Protein chains: 2
Amino acid sequence: MSVQGSHGHSHGKGPQSLRLTKGAKKVLEVLERTDELSSAQDIHSALRNEEDSPPGLTTVYRSLESLVQLGLVQSVDFGDGERRYEMVKPGEHHHHLVCEKCRNSVHLDQCLVQQLEESIQAKYKFEVRGHILEIFGLCEQCQQAMATAGKK
Amino acid sequence: MSVQGSHGHSHGKGPQSLRLTKGAKKVLEVLERTDELSSAQDIHSALRNEEDSPPGLTTVYRSLESLVQLGLVQSVDFGDGERRYEMVKPGEHHHHLVCEKCRNSVHLDQCLVQQLEESIQAKYKFEVRGHILEIFGLCEQCQQAMATAGKK
DNA sequence: TTAGTAGTGAAAACGGTTTTCATTTGCTGC
DNA sequence: GCAGCAAATGAAAACCGTTTTCACTACTAA
């Protein structure tokens, strides 16, 4: 799968082609310099604050969809009804430790599921194609903050 | 934490107490005899078809919240914007292999994350309190169906 | 019976996301 | 350059699962 500039004849049939449109490039730029996870709205606000003619929210959503399909961005679901996005190395992905208090998150350096795929495949005859994994809890700082304060 | 009949003085301050209200009992009954995951709407429809005065959708949602807090039910998020529910052994939980084609799911008999908590705790100084894990792919039957048909 | 509190339901509100549809943009061939 | 197109875009509306509001009911304890 290759990344190309926008316009020109597309062969795919998706909602939009898998090319980097103008809007998608701007979205990608925002994600490139953010190490936090960003919601569509976050990205939209960021662009409104710096672009003369920023892409609309609709375009941001469409761009994110393309970028995810291109494997440049992953969408992350914390189960709170708001999807978040972040850049990944093309085709890769990673999971997070999310602090329930300060809401910061750190990447896990390796995927815990991938190494299990083989045994799942063998045991359940199930062909693994994807997964969701996010871990919630308390980061070190927040643990300490809670220990000194009157906890929970 | 103990499960009690409804009414009487509650000490908690949540949207509703952690007691088994009439509505919650009906919801639980539906989940008890369903081995598939059910959405709130699923449960609501099921009750409408069999009860003379079925609980409203609002009550179903509120009941599910209580049941989850009681540890009798777990909510499962497949990232498709619709939460699903199922009974669990009190206080336990499990994850699923979800077939992307037929949408059936099977339980994993052990939690892959729990056994990693200790190393996560040690490596990241992160206190694990919860997690989301769902695995998507193709079940055996659907793999075969795709092999015979002109595949995906 | 009488309070008092928890539970309930209908309808409205909410909020993130998707769809619709008319318009703009920028290729491509002529 | 210009016509012709298909893709991209944006504003507004639609969607849809979920939550909130608020008036009312039902249970429990005294």
Side-chain angles (χ1 to χ4, degrees), chain A residues 3-28 37-48 51-70 73 75-85, chain B residues 3-28 37-48 51-70 73 75-85:
Chain A
V3 181
Q4 307 171 22
S6 64
H7 279 290
H9 293 241
S10 165
H11 304 294
K13 283 299 291 304
Q16 68 279 311
S17 70
L18 290 188
R19 292 155 195 278
L20 271 188
T21 65
K22 202 178 302 184
K25 276 179 195 153
K26 292 181 187 172
V27 168
L28 196 57
L37 291 157
S38 310
S39 68
Q41 317 257 10
D42 290 338
I43 296 166
H44 183 232
S45 318
L47 286 169
R48 287 189 54 169
E51 289 276 336
D52 34 317
S53 60
L57 188 52
T58 313
T59 297
V60 171
Y61 275 109
R62 286 191 278 230
S63 299
L64 286 169
E65 190 183 335
S66 300
L67 292 168
V68 168
Q69 295 215 76
L70 284 166
V73 167
S75 91
V76 177
D77 194 328
F78 287 166
D80 65 350
E82 187 175 22
R83 223 162 296 166
R84 280 154 241 258
Y85 300 85
Chain B
V3 181
Q4 307 173 20
S6 63
H7 281 288
H9 293 242
S10 166
H11 303 294
K13 282 299 289 304
Q16 67 278 309
S17 69
L18 291 188
R19 292 156 193 279
L20 271 189
T21 65
K22 203 178 300 183
K25 276 178 193 154
K26 292 181 186 172
V27 168
L28 196 57
L37 291 156
S38 309
S39 67
Q41 316 257 10
D42 290 340
I43 296 165
H44 184 232
S45 318
L47 286 169
R48 288 189 54 170
E51 290 276 335
D52 34 319
S53 60
L57 188 53
T58 312
T59 296
V60 171
Y61 275 109
R62 286 191 278 232
S63 299
L64 287 169
E65 190 183 335
S66 300
L67 292 168
V68 167
Q69 295 215 76
L70 284 167
V73 166
S75 89
V76 177
D77 194 328
F78 287 166
D80 65 349
E82 189 175 21
R83 224 164 295 165
R84 279 154 241 261
Y85 300 84

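Convention: sequence-line order gives letters A, B, ...; per-chain numbering from 1. Because the structure is predicted, anything quoted here is derived from the model rather than measured.
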Completion exercise
Sorted by chain and number, sequence neighbours left out, side-chain hydrogen bond (donor to acceptor under 3.5 Å, both in side chains) with B:D42 holds for B:S39

Fill in the blank from the handout: side-chain hydrogen bond (donor to acceptor under 3.5 Å, both in side chains) filter on B:Q41, not counting sequence neighbours, yields none

Table of protein N/O atoms under 3.5 Å from nucleotides 18-21 of chain D N/O atoms:
unit_1: D:dT18; atom_1: OP1; unit_2: B:R83; atom_2: N; d: 2.9
unit_1: D:dT18; atom_1: OP2; unit_2: B:Y61; atom_2: OH; d: 2.5
unit_1: D:dT18; atom_1: O5'; unit_2: B:Y61; atom_2: OH; d: 3.3

Rounded to the nearest angstrom, tell me the gap between atom [atom1] in [X] and atom [atom2] in [N].
X	N	atom1	atom2	result
A:L47	D:dG10	CG	C1'	14 Å
A:D77	D:dG17	CG	P	16 Å
B:D42	D:dG17	CG	C1'	12 Å
A:L20	C:dC27	CG	C1'	17 Å
B:L64	C:dG7	CG	C1'	15 Å
B:R48	C:dT8	CZ	C1'	16 Å
B:H44	C:dT8	NE2	C1'	12 Å

Exercise for the section: Tell me, please, which residues at least two apart from B:F78 pass ring-ring contact (aromatic ring centres under 6.0 Å, His included). Expected result: B:F136

Practice task
Compute the angle between the rotation axes at the two ends of the helix from C:dT1-D:dA30 to C:dC30-D:dG1, each taken over five pairs, rounded to 10 degrees.
Solution key: 30°

Problem - Short side-chain N/O contact from B:K22 to OP1 or OP2 of D:dC27, under 4.0 Å - result: yes

Looking at every heavy atom in both [X] and [Y], which two are closest together, and how far apart are they?
X	Y	value
A:S38	A:I43	CB-CG1, 3.8 Å
B:L47	B:P55	CD1-CG, 3.6 Å
A:G23	A:S63	C-OG, 3.5 Å

Exercise for the section: Output all residues satisfying salt bridge (charged side-chain N to carboxylate O under 4.0 Å, His left out) with B:R84, sequence neighbours left out; order by chain, then residue number. Expected result: B:D80, B:E82

Problem - Any A:T59 side-chain heavy atom under 4.5 Å of A:V27 side chain - result: no

Practice task
Report yes if the side chains of B:L64 and B:S75 come closer than 4.5 Å at any heavy-atom pair, otherwise no.
Solution key: no

